[in-house]
Amino acid sequence: MGQMVSENPDVVTLVDYGSTYENRTISLLKIGLKSDVTKKAVWMDCGIHAREWISPAFCQYFVKEILRTYKTDSKVEELLKNLDFYITPVLNVDGYLYTWKDNTTRLWRKTRSPGTDGCDCIGTDLNRNFEANWGMVGVSQNCCSNVYPGFKALSEAEARSVVDFVEPRKNDIVCFFTIHSYGQLILFPYGHPNVTAPNYNELAEISQAAAKAIKAVHGMTYTVGSFAEALYPAAGSSMDWARLIGIPFAFTFELRDEGSFELPENQILPTCEETYAGVHSVITYVHNKIFYSAAITASATLWTTLLATWFSCTFFS
């Protein structure tokens, strides 16, 4: 992250926005061309589940690609001109480092905070810890479980850090990505089977287009649907929380493959390449809807006014 800032000081800023349970800093890269006005923004976090190593790899790849191409690709330049990108390469820093300790810790999923009184197990599932139908479905109150949601919503320092950063900017953040593995899925809200996003059809359409873009790269098939439909019912995810607070476009990408968290090394690059195509498809749609639709609406309003004025002057003067 420091290298990205030092090599691209005009467009990249390092922002420390929280601390983990073990007091490690949580940082993001803010990427965008400078502007005198508050810009719309895209959020992306990776590494919320410690063992999903391909997730932080993709965040690094995404940063590298947009910085490599924005000076030569006018479409990427336009994105950086109109949008800021907030990219957190590793959210669950404690858990991620723990998975690198040795072979016995490789598949650790949760945070590293202690269990509640009377429980000797460690950690909470960060993607069950947000205030979005918290604790209702897809969780276990056994603190040793991989889907233990914590003793209350936002019990985890990492989840609170995301909330403290994102919520004050919720009117500016137009798209929210959280990157996971595995399963080859593009998910949108909600994880509760009895709750439907108000823009369900649009989210489904955007996700289908992203899956098509992914398949065009290396032929990989991604399944699309709401969290509850395409994966399983699960409450308390960061994606659902983002949609509930008013961020209109929120997605979970579950990357390769379909049977293990230990993705073979030779699949890292192709996974990142195809995922970039899918994410880029979503961002382009959101960007165009915000900026081109606004321009079309303004143009139509102007023409309506001019025609009304002409009509009035012609027939009533």
Side-chain angles (χ1 to χ4, degrees), residues 1-17 26-47 54-91 165-166 169 172-179 186 206 209-218 220 247-251 253 255 267-296 298-299:
M1 295 173 78
Q3 180 183 349
M4 293 299 98
V5 174
S6 64
E7 292 179 355
N8 305 274
D10 293 339
V11 292
V12 184
T13 306
L14 181 68
V15 180
D16 298 334
Y17 68 95
I26 304 172
S27 304
L28 61 78
L29 293 174
K30 179 184 178 183
I31 303 174
L33 294 168
K34 288 182 171 57
S35 173
D36 294 330
V37 299
T38 301
K39 296 164 66 178
K40 296 300 182 183
V42 173
W43 170 275
M44 182 185 297
D45 66 68
C46 292
I54 189 60
S55 172
F58 173 71
C59 261
Q60 294 176 69
Y61 183 88
F62 180 85
V63 168
K64 178 182 73 72
E65 281 301 293
I66 59 173
L67 293 177
R68 182 183 68 83
T69 58
Y70 83 92
K71 291 182 179 179
T72 57
D73 187 327
S74 60
K75 293 181 180 178
V76 178
E77 181 186 23
E78 186 180 23
L79 293 179
L80 265 63
K81 177 183 177 182
N82 293 330
L83 300 169
D84 283 330
F85 291 83
Y86 299 124
I87 313 294
T88 301
V90 183
L91 179 57
F165 185 90
V166 171
R169 298 168 175 84
D172 299 319
I173 296 175
V174 293
C175 193
F176 186 103
F177 293 100
T178 181
I179 309 298
I186 301 175
I206 297 169
K212 184 177 180 180
I214 287 173
K215 190 167 187 175
V217 179
H218 295 296
M220 298 304 295
I247 297 174
F249 302 104
F251 302 91
F253 275 57
L255 309 188
Q267 292 193 43
I268 296 173
L269 183 58
T271 301
C272 290
E273 290 170 341
E274 67 196 17
T275 307
Y276 182 84
V279 168
H280 190 276
S281 171
V282 174
I283 294 170
T284 300
Y285 174 93
V286 173
H287 170 272
N288 291 350
K289 179 171 183 175
I290 293 170
F291 293 98
Y292 292 159
S293 295
I296 291 169
S299 178

Next on the checklist: For Tyr70 and Leu33: C-alpha separation, side-chain torsions, deciding distance, then whether side chain to side chain contact (heavy atoms under 4.5 Å, CB included) applies.
Outcome noted: CA-CA 10 Å; Tyr70 83 92; Leu33 294 168; 4.0 Å; yes
Next on the checklist: Walk me through whether Leu29 and Phe85 qualify under side chain to side chain contact (heavy atoms under 4.5 Å, CB included).
Outcome noted: CA-CA 8 Å; Leu29 293 174; Phe85 291 83; over 6 Å; no
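Under the 4.5 Å side-chain criterion, counting only non-hydrogen atoms from C-beta, Leu28 is not in contact with Ile87. With contacts defined as side-chain heavy-atom distances shorter than 4.5 Å, the pair Ile247/Val166 qualifies. Contact annotation: the side chain of Tyr285 approaches that of Phe249 to within less than 4.5 Å [non-hydrogen atoms, C-beta and beyond]. Side-chain atoms of Thr178 and Phe251, non-hydrogen and from C-beta on, never get closer than 4.5 Å to each other. Within the 4.5 Å cutoff, side-chain heavy atoms of Leu67 are placed close to those of Ile31.
For Lys64, the NZ atom sits in a packed shell: over 12 heavy atoms of surrounding residues, nucleotides or ligands are nearer than 6.0 Å. In this structure, Gln3 places its CD atom where only 12 or fewer heavy-atom neighbours from other residues, nucleotides or ligands lie under 6.0 Å away.
Shown here are the salt bridge (Lys or Arg N to Asp or Glu O under 4.0 Å) partners of Lys39, two or more places apart in sequence or in another chain: Asp84. Evaluation of the side chain to side chain contact (heavy atoms under 4.5 Å, CB included) rule for Val279 yields Met44, Phe58, Phe62, Phe177, Phe253, Thr275, Ile283 as partners, not counting sequence neighbours. Every residue two or more places apart in sequence or in another chain was checked for a disulfide bond (SG atoms under 2.5 Å apart) with Cys175, and none qualifies. For the side chain to side chain donor-acceptor pair (under 3.5 Å) test, residues two or more places apart in sequence or in another chain that qualify with Glu273 are His218. Taking the salt bridge (Lys or Arg N to Asp or Glu O under 4.0 Å) definition, one finds that Arg169 meets it with nothing, sequence neighbours left out. Here Tyr61 pairs with nothing under the side chain to side chain donor-acceptor pair (under 3.5 Å) rule; sequence neighbours left out. Residues satisfying the side chain to side chain donor-acceptor pair (under 3.5 Å) test with Ser281, not counting sequence neighbours, are none. Contacts of Asn82 classified as side chain to side chain donor-acceptor pair (under 3.5 Å), with partners at least two apart in sequence or in another chain: His287.
The residues Lys75 and Glu78 are annotated as not salt-bridged, no charged nitrogen and carboxylate oxygen being separated by less than 4.0 angstrom.
To the nearest 0.5 Å, the span separating CG on Leu91 from CG on Asp45 amounts to 5.5 Å. Atoms OG1 and NE2, from Thr284 and His280 in turn, are 4.0 Å apart once rounded to the nearest 0.5 Å. Interatomic distance, CD1 of Ile206 versus CD1 of Ile186, reported as 11.0 Å (0.5 Å rounding). Here the NZ-CG distance, from Lys40 to Leu79, works out to 16.0 Å after rounding to the nearest 0.5 Å. The SG atom of Cys59 lies 6.5 Å from the CD1 atom of Ile179; values are rounded to the nearest 0.5 Å. In this structure, Leu255 CG and Met220 CE are separated by 11.0 Å, a value rounded to the nearest 0.5 Å.
Residues Gly47 and Ser55 come closest through the heavy atom pair N-OG, 2.9 Å.
Ring planes of Tyr86 and Phe165: perpendicular class, angle over 60° (limits at 30 and 60°).
Evaluation of the side chain to side chain donor-acceptor pair (under 3.5 Å) test over residues 8-17, restricted to residues two or more places apart or in two chains, returns Asp16-Ser27, Tyr17-Thr88.
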